[in-house]
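Shown next, in structure tokens, is the structure this report addresses.
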There are 2 protein chains.
Amino acid sequence: MSNYDQLTSHYQTIHHFNHAESMLGWDAAANMPSGGSNARSKAMAELSVHIHRLSTQPQLEEWFGNAEKEPLSTEQKASLREMKRKWQQATVVPEDLVQAQSIASSKCEHAWRTQRQENDWVGFEKNWKEVVTLSREEAKIRGEALGLTPYDAMLDKFEPGTTTASLDTLFSDVKTWLPELIEKVLVKQQSDSIIMPSGTFSTASQKALGLEVMKLLKFDFDRGRLDQSVHPFCGGVPSDVRITTRYDEKNFVQALMGIVHETGHARYEQGLPSAFAGLPVGEARSMGVHESQSLFFEMQIGRCKPFISHLSRLSADAFNAHKDPVFAEENLYKIYTQVKKGFIRVDADELTYPAHVIVRYEIERDLINGVIEHTDVPAIWDEKMKASLGISTKDNYKNGCMQDIHWTGGSFGYFPSYTLGAMYAAQYKATMTQTVDIDAAIQSGDLSPIFQWLSDNIWSQASLHTTDELIKRATGETLNAVHFRKHLEGRYL
Amino acid sequence: MSNYDQLTSHYQTIHHFNHAESMLGWDAAANMPSGGSNARSKAMAELSVHIHRLSTQPQLEEWFGNAEKEPLSTEQKASLREMKRKWQQATVVPEDLVQAQSIASSKCEHAWRTQRQENDWVGFEKNWKEVVTLSREEAKIRGEALGLTPYDAMLDKFEPGTTTASLDTLFSDVKTWLPELIEKVLVKQQSDSIIMPSGTFSTASQKALGLEVMKLLKFDFDRGRLDQSVHPFCGGVPSDVRITTRYDEKNFVQALMGIVHETGHARYEQGLPSAFAGLPVGEARSMGVHESQSLFFEMQIGRCKPFISHLSRLSADAFNAHKDPVFAEENLYKIYTQVKKGFIRVDADELTYPAHVIVRYEIERDLINGVIEHTDVPAIWDEKMKASLGISTKDNYKNGCMQDIHWTGGSFGYFPSYTLGAMYAAQYKATMTQTVDIDAAIQSGDLSPIFQWLSDNIWSQASLHTTDELIKRATGETLNAVHFRKHLEGRYL
Ligand SMILES: [Zn+2]
Ligand SMILES: [Zn+2]
């Protein structure tokens, strides 16, 4: 057996344990009664230790060395590159640092759940200090190994190939036009009258509606399911994708669009090429590209008028409320495109969301690179929120820098993925329009031409190319903010 | 760390992977869409290989040798004994035989699914020959290692300590009175008029009813769930027990009593002592003792008149059918105690079930010990069915020796567990009656005194004692058929 084949077989073995871990994680969120959590945590910790052991096995170094000298096809070379990337990711950080980070993160996150409610920055800061220190250490080690700046090395975990230089360019472009655009839209929407849903929308009816919408989006129910969990997510494995949502019986709009979003993630997974199943090269390209699929579904498909027309019909059917003006196309469209400035990222609309992300990006970049200290964060947050959205978070930590779970757990470098995803999605749409009559496809109820384009250009490509190559092949240009701006202006002005 | 502690930690590690395997198995039966099965099979095979590797790790031999010389408490000695039992079970059969058995069983079982429908003994016999040959080989190897006859060594896998000698005594006792008892009961029931359920019983209502009955039986919903699968079973782990059932919308009686049965298995698991969680000594004692719990719930509680009275009320509520004579106490009792001779074990009632088991026991005992050949089985089956139930299976293989999955997969030694379970259950009842007013407890709707007895005597004891000791401690005598006979005569005559 060649060393390349040996590596292939080894990474497939790892994948089988990842399969178990993924399904147990889904089960813990979707099914598990509370009494099961202690034993489950232990089982999952054991799996994770085992996966780490397999991912850092000493003979891998020799196999990689030899495999690089073996005659390989282009695809095999891509596969080798992605296996090696996983291996480097797993081996570069010393075990004792990983261990220390895990302890510090758990402690910080656990305390944060009450500290946030109590607006307790002083308490939080004490734990968070350690998380930041250890993350900086991790960033330094990764950066040295990869020849990158510390923050770029953290970005590489979620968005391989993305750099501070490129993000600075993209986001400073957005900052030149976004604040003004938001103000204009707010003025424009001032006179809009919106009828908000009222009454009870049973979980059973909402689920039935969600399943109808998933059918319209061609979710493959032979290879996946819809369930419920407190925090919606897309889990499972490509041949069996488990998406979840949370229903609010007082209002169906969020759960419904949440299902559209997760269906986008799911179809990417379901559309990955089976020829590379279980191998790193067969996985989704990055967090940003993943989000580009969910946001293509949610923003480019889900919030366009012809799709809202389907939602209007299907939801009026589901709740047997054909005469209720809430479900009128125009009203639903207004609900789903309403812009509001607010403190909270996860509640933000399409237009203000990038502002929230850019604030976080600029702060975490400087924090990891040692330009600012963790104690500086609240003041900088306040200043940046005032500049971008005109709202102050002075002394309001819980609705400011303490609102997200990401930083408490040391996930620095993740936030940009959300807005990268939105920008990728707008850029795909601009290219897709040249060959696909998108509105007509949606209107007809047969969206396959749209999905065919996504499958050809994104899903089937998995991790065969770098992100830059993937986007260039799909859209003819590297990522830029032009299409995103046009999309937002087109929809909201 | 002492070698005993090392072993303890090692078996807890194994348990974590068993946890994963068990949950993935439950998920495959209860949730998984068909497209997920290929990847799931691979993931589960990988887990099973890994568990086998851990269970046969070379240093275990030394650890066991040393641990036996270490100062241990009585409970630690029991724990060591059970760990060693697992180790011996895992190591005694050579890997190539295990491999060959797995291949032969899969082939035989796969073909059997159509061969059974087509009554194709000739086709089946060709595959089954290999399964029998390999099982005999396994039995011989196990027997030599354990100092047992071949069939006793197979029994030991499911019922440690149970021997052909003891089963011959128990079952020949049953055979002296069962056929006559069956005939008498059939005559007695001849004039019974039973109203069978008709109409539609929605899955949702049946599930709601099942959950009510599980509450009455004090199933701990904080540590378990009820779901659906094609073949009902009890899975999961003690802190999170997953039971399943299958609903027939034309008739609710089977699913309902099936839930009572699985709840018995579940409460045993939920009642195992948490102090030994994850260790062999903390597991259920044997298949027969497990079945003694499900059958205590199904036969001793579930089919007694005061419990049927609860079922009558709850099911009339669930289906909103208070005036329907189907749900009258007397009628439900007749349905649940109706005796009928039939070909099929899984459809058999409480009274004829042991006859089916004894036929299988006598045949598999002689087959594994080499007293008969596999080609002799159909004729012997026919002869024994005529002797015990007065029905012939000549040329009727599909309703004869080809009806069960057990032998096609090489599970020789399992069948006796069913009737051992029924006999244990009757013997517990006889003892329990001395200190617990069982009928009164059931009537009152608070069954805790019954469960307290089971918890004290069976659940909390896990595998601390041998089966014989366990039964003797619980009932003051070793297993005998006296109580079983009294129970059956009391209910049916
Ligand atoms: Zn998403
Ligand atoms: Zn059972």
Side-chain angles (χ1 to χ4, degrees), chain A residues 9-28 30-51 53-54 204 219-227 235-242 266 269-270 272 274 277-278 282, chain B residues 9-28 30-51 53-54 204 219-227 235-242 266 269-270 272 274 277-278 282:
Chain A
S9 156
H10 186 72
Y11 278 86
Q12 275 163 339
T13 294
I14 293 178
H15 173 71
H16 295 143
F17 290 101
N18 285 334
H19 175 133
E21 197 178 41
S22 176
M23 286 296 170
L24 291 182
W26 168 82
D27 180 83
N31 296 316
M32 191 180 72
S34 62
S37 77
N38 190 23
R40 178 64 55 86
S41 301
K42 286 184 193 165
M44 290 189 69
E46 190 81 57
L47 267 176
S48 143
V49 164
H50 185 63
I51 290 167
R53 200 180 297 135
L54 291 173
F219 180 93
D220 182 354
F221 286 97
D222 199 37
R223 298 194 294 139
R225 297 173 49 99
L226 168 67
D227 293 272
V237 294
S239 61
D240 185 2
V241 180
R242 309 285 173 99
E269 290 289 318
Q270 291 181 333
L272 290 168
S274 58
Chain B
S9 155
H10 186 74
Y11 278 86
Q12 275 163 339
T13 295
I14 293 177
H15 173 72
H16 296 143
F17 290 101
N18 284 334
H19 175 133
E21 196 178 42
S22 175
M23 286 297 171
L24 290 181
W26 169 82
D27 180 83
N31 296 315
M32 192 180 70
S34 62
S37 77
N38 191 23
R40 178 64 55 86
S41 302
K42 286 183 193 164
M44 290 189 69
E46 190 81 57
L47 267 175
S48 141
V49 165
H50 185 62
I51 290 167
R53 200 181 298 134
L54 291 173
F219 180 94
D220 181 355
F221 286 95
D222 200 37
R223 298 194 294 138
R225 297 172 49 98
L226 168 67
D227 293 273
V237 294
S239 61
D240 185 2
V241 180
R242 309 285 174 98
E269 290 290 319
Q270 291 181 333
L272 290 169
S274 58

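Below, read A as the first sequence line, B as the second, and so on, with proteins coming before strands; counting in each chain starts at 1.
- In this structure, A/Met32 and B/Arg242 approach most closely via the heavy-atom pair CA-NH2, 3.6 Å.
- Taking chain B as the reference chain and counting heavy-atom pairs below 4.5 Å, the highest number among A/Ala45, A/Gly236, A/Ala43 is found for A/Ala43.
- A/Asn31 places a side-chain heavy atom less than 4.5 Å from the side chain of B/Asn31.
- A/Pro33 and B/Gly224 make their closest contact through CG-N, 3.3 Å (heavy atoms, listed as atom of the first residue, atom of the second, distance).
- Looking at B/His50 and A/His50, their side chains come closer than 4.5 Å, going by heavy atoms from C-beta outward.
- Here A/Asp240 contributes atom CG and B/Asn38 contributes atom CG; the two are 12.0 Å apart, rounded to the nearest 0.5 Å.
- Using cut-offs of 30° and 60° for the angle between ring planes, the B/Phe17 and A/Phe17 rings count as perpendicular.
- In terms of non-hydrogen atom pairs under 4.5 Å with chain B, the most contact-rich of A/Met23, A/Arg225, A/Lys42, A/Arg223 is A/Arg225.
- Most heavy-atom pairs under 4.5 Å with chain A: of the set B/Arg40, B/His15, B/Glu21, B/Gln12, this distinction falls to B/Arg40.
- At a threshold of 4.5 Å between non-hydrogen side-chain atoms, the residues B/Leu47 and A/His16 do not count as touching.
- Contact check for A/His19 versus B/Met44: no side-chain heavy atoms found under the 4.5 Å cut-off.
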